[in-house]
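In this text the structure is predicted, and so the values were computed from the model without any measurement. In what follows, chains are A, B, ... by sequence order, proteins preceding strands, each numbered from 1.
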Amino acid sequence: MKAVRRAVTLPVAFFKRPAEVVAAELLGMVIVSSVGGEISEGIIVETEAYLGYDDPASHGYLHRRNARNAALFGPPGTWYVYLSYGMHWCSNLVCQEIGLASAVLLRAAQPVKGLSVMRRRRGGVPDRQLCSGPGKLCQALGIDRGLDGAQMADSQVIVRPPQRREEIAVTVTPRVGITKAADWPLRFHLAGSPWVSRKEKGGRSSDLPP
DNA sequence: GCGCCGATTGGCT
DNA sequence: GCCAATCGGCGCC
């Protein structure tokens, strides 16, 4: 009898590190959704780091905790999903340690599998825009509040390393759509990727070891 | 291609 | 009231 191939996902230890490290290393990894029994999958091309209670742009700034952001204060590897502007879901993975309120926001992905599912969920927009933003990514992958608070490895949406790790170039820019600490360079994306949420306008490129 | 603006919900001042 | 880790449509250059 053949050995069953177990789904390989990231260990909790991966998330037990500073959010900016996790954010950079998530680039090039694969996000796999089986929500609703339908597989859809993409390569993560854009992320943002939120550092925790010291970060004015973090929902957990100054330990501000409420019913909505409780998952952000959970253990590393926890999904934190919240509603933005009353209509878009945004997905984060908690980093570092319990209570720090540090996380990485998934901002964009390159669709690679389940394109028809994504197109249906996204209402037939051009493929380039299926996952080119945090709200779009959630809609394409079927992510909503149902994922909030789940441990990633036990959930219907997991992240795994790519089949083979290629050398990638990461560009760092300020974060998007925030007003506080808006100049902190904590947004990361694959250099030159056409699948990101907005065009590059400057930013520093650097090579990441394989 | 770029910038402005409305939609819509919930938590906070 | 006011604001927000957004999106898509519209007007204008």
Notebook entry, point to check: Do the rings of A:H63 and A:Y53 sit parallel, tilted or perpendicular, given the 30° and 60° boundaries?
Noted result: parallel
Item checked: Any strand: nucleotide that pairs with B:dG1 via Watson-Crick or wobble, under 3.5 Å -> C:dC12
Item checked: Separation of C:dA5 P from A:D55 CG (nearest whole Å) -> 11 Å
Note to self: I want to verify a distance call: between B:dG10, C:dA5, C:dT6, whose nearest atom is closest to the A:R68 side chain?
What the structure shows: B:dG10
Margin query: Can you tell me how far apart CD (A:Q96) and OG (A:S102) are? Round to the nearest 0.5 Å.
Written below: 5.5 Å
Checklist line | Any donor-acceptor N/O pair, A:S58 side chain to A:D55 backbone, under 3.5 Å | finding: no
Next item on the list: Apply side chain to side chain donor-acceptor pair (under 3.5 Å) to A:T9 and A:R160, showing your working.
Entry: CA-CA 4 Å; A:T9 187; A:R160 62 165 175 80; over 6 Å; no
Notebook entry, point to check: Of A:G86 and A:K136, whose closest DNA chain C nucleotide lies nearer the 5' terminus?
Noted result: A:G86
Next item on the list: Whole angstrom is fine here: how far is it from CE in A:M87 over to P in B:dG6?
Entry: 12 Å
Next item on the list: Could you check if a side-chain atom of A:Y80 sits within less than 4.5 angstrom of a side-chain atom of A:S91, using non-hydrogen atoms only?
Entry: no
Next item on the list: Check the distance between B:dG10's C1' and A:L83's CG and give it to me in whole angstrom.
Entry: 8 Å
Note to self: My understanding is that a pair needs two contacts under 3.5 Å, Watson-Crick or G-U wobble. By that rule, which nucleotide pairs with B:dT8?
What the structure shows: none
Check: Where each residue is assigned the nucleotide of DNA chain C containing its nearest heavy atom, which of A:T179 and A:L137 is assigned the position nearer the 5′ end?
Finding: A:T179
Next item on the list: Calculate the interatomic distance between A:Y85 atom OH and C:dT6 atom P; express it in whole Å.
Entry: 5 Å
Notebook entry, point to check: Does the pair A:R165/A:E25 count as a salt bridge with the N-to-O cut at 4.0 Å?
Noted result: no
Margin query: Using OP1 and OP2 only, check whether a side-chain N or O of A:R64 sits under 4.0 Å from B:dG11.
Written below: no
Check: Can you check the A:W89 CH2 to B:dG10 P distance for me, whole Å?
Finding: 9 Å
Notebook entry, point to check: Tell me: NE2 of A:H59 to C1' of B:dT9, nearest whole Å?
Noted result: 13 Å
Next item on the list: Using the aromatic ring of A:Y50 (for Trp, its six-membered ring), decide whether it stacks on the base of C:dA5 within the limits of 5.5 Å and 30°.
Entry: yes
Notebook entry, point to check: At under 4.0 Å between heavy atoms, what does A:V125 touch on the DNA or RNA strands: base, sugar-phosphate, or nothing?
Noted result: nothing
Next item on the list: Ignoring backbone atoms, test whether A:N92 places a side-chain nitrogen or oxygen under 4.0 Å from the OP1 or OP2 oxygen of C:dA5.
Entry: no
Note to self: At less than 4.0 Å, is any side-chain N or O atom of A:K180 found next to OP1 or OP2 of C:dA5? Yes or no.
What the structure shows: no
Next item on the list: Verify the contact: side-chain N or O of A:R175 to OP1 or OP2 of C:dA5, cut-off strictly under 4.0 Å; return yes or no.
Entry: no
Notebook entry, point to check: When rounded to the nearest Å, what value does the distance between C1' atoms of B:dG10 and C:dG8 take?
Noted result: 22 Å
Notebook entry, point to check: Looking only at side-chain N and O atoms, does A:S197 come under 4.0 Å of OP1 or OP2 in C:dT6?
Noted result: no
Notebook entry, point to check: Rounded to the Å, how far apart are A:D144 CG and B:dT8 P?
Noted result: 19 Å
Notebook entry, point to check: Can you check the A:L62 CG to B:dC12 P distance for me, whole Å?
Noted result: 13 Å
Next item on the list: Give A:R122 one of three labels, base, sugar-phosphate or nothing, depending on what nucleic acid heavy atoms sit under 4.0 Å from its own.
Entry: sugar-phosphate
